[in-house]
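Chain A is the first sequence line, chain B the second, and so forth, proteins listed ahead of strands; every chain is numbered from 1.
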Amino acid sequence: MKPIRLRRLRRAELPVDTVELARYMVGKIVVHDTGEGRLSGRIVETEAYPIGDAAGHAFRGETAFNRSSFLKRGHAHVYFTYGSSFMLNVSSEAAGVGAGILVRALEPLEGFDQMQRLRGGAGLRDLARGPGRLTQAMQINLSQDGVDLCGAGPLWLAASRLKTGAIGTSVRIGLTRNADAKLRFYERGNPYVSGPKKLRE
DNA sequence: AGTGCGATTGACT
DNA sequence: GTCAATCGCACTA
């Protein structure tokens with residue numbers, strides 16, 4: 001398949017505010033250049049975990065676990081949860097300030113075969129629909145924790161020439177603390193958004 | 001040192 | 001739709 005022409009996002013293009021960044025990232029592309037080839041997917045769902053959010057990892061201060069979320073905006077914060085899943089976050093504020101956005105779902109663009117192998121033969125729609133699934137499909141794990149997504153490395157963010165559809169807003173998924181804040185953003189009607197139909201409309 | 005629980009998934013009804 | 005598996009981290013002592 002013909003490779004898609006992609007342009008790296010520069011840090012200066014990223015909105016400075018966490019919530020604005022979460023909304024901005026819908027429609028952008030995550031790229032991972034692996035030894036096996038290029039994996040890429042269009043972001044269709046994000047959540048914001050802004051400064052002072054009781055549901056955010058950084059709320060109780062900096063630790064080894066959340067250190068990368070204190071890097072200046074545009075760095076990867078990868079962590080492991082539920083004994084099974086890695087999560088990909090993008091740090092969102094100035095150096096020393098803990099906040100970030102969670103990337104919850106991708107629409108696969110390149111590397112379908114490799115993604116399918118990584119995902120144990122899952123169907124196209126389920127390759128990267130969900131935060132744990134997308135890290136598996138994109139071959140993202142703790143070894144990428146702290147990498148600069150706006151640098152020259154193999155894992156990076158790209159702009160898309162595709163027009164982004166209408167963006168919907170809802171409460172975030174799976175939280176107990178600060179569960180009422182409407183900080184989840186998604187492309188409305190996109191089948192690659194996670195959750196039941198009601199959460200994709 | 002022990003306990004509780006989570007920014008989920010996959011299997012099953 | 002429901003529900004258990006799984007393990008690193010934060011918290012208590």
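With ring centers used as reference points, Tyr79(A) lies 6.0 Å or more from Phe86(A). Taking the ring centroids of Tyr49(A) and His57(A), they lie at or beyond the 6.0 Å cut-off.
Straight-line distance from the NZ atom of Lys198(A) to the C1' atom of dG1(C): 14 Å, rounded to whole Å. Going from atom NZ of Lys182(A) over to atom P of dA7(B) covers 19 Å, rounded to whole Å. Tyr82(A) places its OH atom 7 Å from the C1' atom of dA7(B), with the value rounded to the nearest Å. Residue Arg67(A) contributes atom CZ, which lies 14 Å from atom C1' of dC9(C) at whole-angstrom precision. dG6(B) atom P lies 11 Å from atom NE2 of His57(A), rounded to whole Å. Atoms CG (Leu134(A)) and P (dT9(B)) sit 8 Å apart, rounded to a whole Å. Rounded to whole angstrom, the span from the CG atom of Asn66(A) across to the P atom of dA7(B) amounts to 13 Å. Counting to the nearest Å, the C1' atom of dG6(B) and the CD atom of Glu47(A) are 13 Å from each other.
Counting non-hydrogen atoms under 4.0 angstrom, Leu102(A) reaches a base of the nucleic acid.
Tested against Ser194(A), the residues Arg133(A), Arg200(A), Glu45(A) include a single side chain to side chain donor-acceptor pair (under 3.5 Å) partner, Glu45(A).
Between Arg104(A) and the phosphate of dT8(B), there is a side-chain N or O to OP1/OP2 separation shorter than 4.0 Å. Within the structure, a side-chain polar atom (N or O) of Thr63(A) is placed less than 4.0 Å from OP1 or OP2 of dA10(C). Put simply, Arg60(A) has a side-chain N or O that comes within less than 4.0 Å of OP1 or OP2 on dC11(C). Contact check, Arg119(A) against dG10(B): a side-chain N or O comes under 4.0 Å of OP1 or OP2.
Of all nucleotides listed (dG10(B), dC7(C), dA10(C)), dG10(B) comes nearest to the side chain of Gln136(A). With distances taken from any side-chain atom of Thr176(A) to the nucleotides dT8(B), dC9(C), dG6(B), the minimum falls on dG6(B). The side chain of Phe65(A) has dA10(C) as its nearest neighbour among dA10(C), dT8(B), dG1(C).
A salt bridge is defined here as a Lys NZ or Arg NE, NH1 or NH2 lying under 4.0 Å from an Asp or Glu carboxylate O, and Glu13(A) with Arg10(A) meets this definition. Note on Arg104(A) versus Glu47(A): salt bridge recorded, some NZ/NE/NH1/NH2 to OD/OE distance being below 4.0 Å.
Each of Ala55(A) and Arg133(A) has a nearest nucleotide on DNA chain B; the 5'-most of these lies closest to Ala55(A).
Helical stems of DNA chain C (runs of at least 3 Watson-Crick or G-U pairs, donor-acceptor distances under 3.5 Å) are listed by first residue: B:1-6 with C:7-12, B:8-12 with C:1-5.
Of the possible donor and acceptor atoms, none in the side chain of Arg184(A) sits under 3.5 Å from a partner among the backbone N and O of Thr169(A).
The line from CE of Met138(A) to CZ of Arg119(A) is 13.5 Å long, rounded to the nearest 0.5 Å.
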